[in-house]
Amino acid sequence: MKKSKNFIVFLFAIFISSSALYTCKEAVKKETILATNTHKQNKKQAQPLSQEFKDYWYAGTAEISSYKLNQARYGENREGTAVLIYVTEDFLPEIQVKANNQNATNIPILKLNATKNFNTGIYPYSIMQSTFYPVANNQHALKVSSSMQEWCGQMYVQLNNKEKFNIASHSYFEGEADENFKLDKTTLENELWIQLRINPKSLPTGNLKIIPSLEFLKMKHKEIKPYNANAILTDSTYTLAYKNLDRTLTIDYNPEFPYEILSWKETFKSGSKIMETTATKLKTITSAYWQKNSNTDEVLRDTLQLK
């Protein structure tokens, strides 16, 4: 009799565990469907890629442009260099990293790695921002990251485009140490640098809500959130003016394909001063740079006029 009772208890336990597992799987399934549907709802119709675009951006190389940088920092201007590296990749939409293999579910993206290097007195600054934007030009950037290293410490921000914008921010500054939060989706300044390269006429204009460059927000210790901005597009310039930030960004570009960025200017208030950061193009090359990692390849840095 005792064995029968134990057996009944055992069967009941299996039933409860199976029910819980089923419920858990159903919950995950529903969450996945919801996230997928939300992702689809946020997409616009994909813009077709011209043969000109395919020939240039799918040639197996990256486009690398160097710039003479005059960076405003701590109330003074610093000489340095900036580099914009554009390259197409396949992107895994769920875990949001570069795909190692081709798959129908991959999202083709145009990636921008933007770097800046300059010195402030005795110590150097190194800044890098990475933006992953669909070539279909039909939704926001899938991911943006920004990091800054200098001798006082380092900062890192990552934005992932999920059901909302999921943001993780880390800094050595008090009050900014470790933050995780979500924002409703809106225009990202970081993505506009790639949208311009795909089709400048598609850039948003007028009065907008924009999340400014992650680099700017962290350097100025501003809250990561949307700010009111006015965007103006001409045949060769794109300007963003943030009244509440006392900041204006103007990007000069070639109106002919592939719409290369020729220079940019950023003005902002620093204390009682209006400071100005400028960058002017030095050289552009196309190269499979990831294969150019031997000492003999350093000559390419001379071509780009990089120290």
Side-chain angles (χ1 to χ4, degrees), residues 44-53 55-57 63-72 77 81-86 88 109-114 116 129 131 133-141 144 185-217 220 226-269 274-284 286:
K44 302 173 186 175
Q45 185 175 357
Q47 295 185 18
L49 301 179
S50 67
Q51 190 59 48
E52 189 177 35
F53 182 96
D55 290 343
Y56 186 80
W57 290 111
E63 180 199 83
I64 307 167
S65 295
S66 57
Y67 297 80
K68 180 180 179 182
L69 177 68
N70 196 306
Q71 177 73 43
N77 282 84
T81 55
V83 183
L84 301 183
I85 305 104
Y86 287 92
T88 50
I109 59 104
L110 180 57
K111 178 179 72 175
L112 168 60
N113 283 334
K116 286 182 176 181
Q129 298 194 98
T131 306
Y133 186 78
V135 296
N137 197 15
N138 63 343
Q139 59 178 308
H140 293 299
V144 181
K185 295 182 184 182
T186 189
T187 302
L188 298 162
E189 182 182 311
N190 287 83
E191 71 192 4
L192 298 175
W193 292 75
I194 304 178
Q195 191 173 348
L196 186 157
R197 300 302 310 276
I198 296 173
N199 179 9
K201 292 181 180 179
S202 72
L203 288 166
T205 58
N207 293 319
L208 308 166
K209 290 280 189 181
I210 301 181
I211 297 176
S213 157
L214 297 181
E215 171 201 320
F216 172 81
L217 292 175
K220 299 298 290 182
Y227 291 82
N228 292 324
N230 182 257
I232 300 173
L233 177 68
T234 72
D235 287 339
S236 60
T237 64
Y238 187 59
T239 301
L240 299 175
Y242 299 88
K243 185 177 180 181
N244 294 338
L245 291 173
D246 293 314
R247 175 176 178 257
T248 300
L249 171 69
T250 299
I251 304 172
D252 298 305
Y253 66 93
N254 186 337
E256 302 296 327
F257 182 86
Y259 316 118
E260 63 261 38
I261 292 172
L262 304 176
S263 64
W264 67 88
K265 178 172 70 175
E266 178 187 19
T267 60
F268 58 90
K269 200 169 184 179
I274 298 297
M275 301 299 298
E276 183 176 279
T277 291
T278 61
T280 306
K281 192 172 84 164
L282 296 170
K283 185 71 176 178
T284 294
T286 56

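Since the model is a prediction, treat every value here as computed from it, not as a measurement.
Other residues, nucleotides and ligands contribute at most 12 non-hydrogen atoms within 6.0 Å of the NZ atom of Lys201. More than 12 non-hydrogen atoms from other residues, nucleotides or ligands lie less than 6.0 angstrom from CG of Asp55. When the shell of 6.0 Å around NZ of Lys281 is examined, it contains more than 12 heavy atoms from other residues, nucleotides or ligands.
Distance check: Thr248 OG1 to Ile274 CD1 gives 9.0 Å after rounding to the nearest 0.5 Å. Taking OG1 of Thr81 as the start and CG of Leu282 as the end, the distance is 8.5 Å to the nearest 0.5 Å. To the nearest 0.5 angstrom, Asn190 atom CG is 8.5 Å from Leu112 atom CG. Taken to the nearest 0.5 Å, the CD1 atom of Ile232 stands 5.0 Å off from the CG atom of Asn230. If you take CD1 on Ile198 and CG on Asn137, they are separated by 5.0 Å, rounding to the nearest 0.5 Å. The CD1 atom of Ile211 lies 8.5 Å from the NE2 atom of His140; values are rounded to the nearest 0.5 Å.
In this structure, Ala231 and Pro204 approach most closely via the heavy-atom pair CB-O, 3.4 Å. The shortest heavy-atom contact between Leu84 and Ala114 is CD2-CB, 3.6 Å. The nearest pair of heavy atoms linking Leu233 to Pro200 is CD2-O, 3.3 Å. Here the closest heavy-atom approach between residue Ile109 and residue Val135 is recorded as C-CG1, 3.7 Å. Nearest approach of Thr131 to Ile194, heavy atoms of both residues: O-CD1, 3.5 Å. Of all heavy-atom pairs between Ala82 and Leu69, the closest is N-CB, 4.0 Å.
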List the steps, then state whether side-chain contact (heavy atoms from CB on, under 4.5 Å) holds for Val83 with Ile85.
CA-CA 6 Å; Val83 183; Ile85 305 104; 3.7 Å; yes
Quick one, Thr237 with Thr250, criterion side chain to side chain donor-acceptor pair (under 3.5 Å). Give me CA distance, side-chain angles, the key distance, then yes/no.
CA-CA 7 Å; Thr237 64; Thr250 299; over 6 Å; no
Could you go through the side chain to side chain donor-acceptor pair (under 3.5 Å) check for Lys116 and Gln71 one step at a time?
CA-CA 9 Å; Lys116 286 182 176 181; Gln71 177 73 43; 2.9 Å; yes
Verdict with reasoning, Tyr56 to Glu63, per side chain to side chain donor-acceptor pair (under 3.5 Å):
CA-CA 9 Å; Tyr56 186 80; Glu63 180 199 83; 2.6 Å; yes
Under the side-chain contact (heavy atoms from CB on, under 4.5 Å) criterion, do Val144 and Leu188 qualify, and how do the steps go?
CA-CA 9 Å; Val144 181; Leu188 298 162; 4.2 Å; yes
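Checked by atom type and distance alone, the side chain of Thr186 pairs as donor or acceptor with a backbone atom of Lys209 at under 3.5 Å. No donor-acceptor pair under 3.5 Å is formed between the side chain of Arg247 and the backbone N or O of Thr267. Distance alone, capped at 3.5 Å, places no donor-acceptor pair between the Asn113 side chain and the Tyr86 backbone. At distances below 3.5 Å, not a single donor-acceptor pair connects side-chain atoms of Gln47 with backbone N or O atoms of Asn138. Between the side chain of Glu191 and the backbone N or O of Ala141 there is at least one donor-acceptor pair closer than 3.5 Å. Between the side chain of Tyr253 and the backbone N or O of Ser263, no donor-acceptor pair lies under 3.5 Å.
The shortest distance between side-chain heavy atoms of Lys265 and Glu276 falls below 4.5 Å. Side chains of Gln139 and Tyr133 form no contact here, defined as non-hydrogen atoms less than 4.5 Å apart. Contact check for Phe268 versus Leu245: no side-chain heavy atoms found under the 4.5 Å cut-off. Between Leu196 and Ile251 there is a side-chain heavy-atom pair separated by less than 4.5 Å. In this structure, the side chains of Ile64 and Thr284 stay at 4.5 Å or more apart for every pair of heavy atoms. When side chains are defined from C-beta on, Leu249 does not count as touching Thr239, because their heavy atoms never get closer than 4.5 Å. Annotation: side chain of Leu49 is not in contact with side chain of Trp57 (no heavy-atom distance under 4.5 Å).
Looking at Glu260 and Arg197, no side-chain N of the basic residue comes within less than 4.0 Å of a carboxylate O on the acidic one, giving no salt bridge.
With sequence neighbours left out, the side chain to side chain donor-acceptor pair (under 3.5 Å) criterion links Asp246 to no other residue.
Taking the six-membered ring where the residue is Trp, the centroids of Trp264 and Tyr67 are separated by under 6.0 Å.
The aromatic rings of Phe257 and Tyr259 sit perpendicular, their planes meeting at an angle over 60°, well past the 30° parallel limit.
Glu189 and Tyr242 share a side-chain donor-acceptor pair at under 3.5 Å. With hydrogens and angles left out, the side-chain atoms of Gln195 and Asn199 include no donor and acceptor closer than 3.5 Å.
A side chain to side chain donor-acceptor pair (under 3.5 Å) with Asn70 holds for exactly one of Thr278, Thr277, Asn77; it is Asn77.
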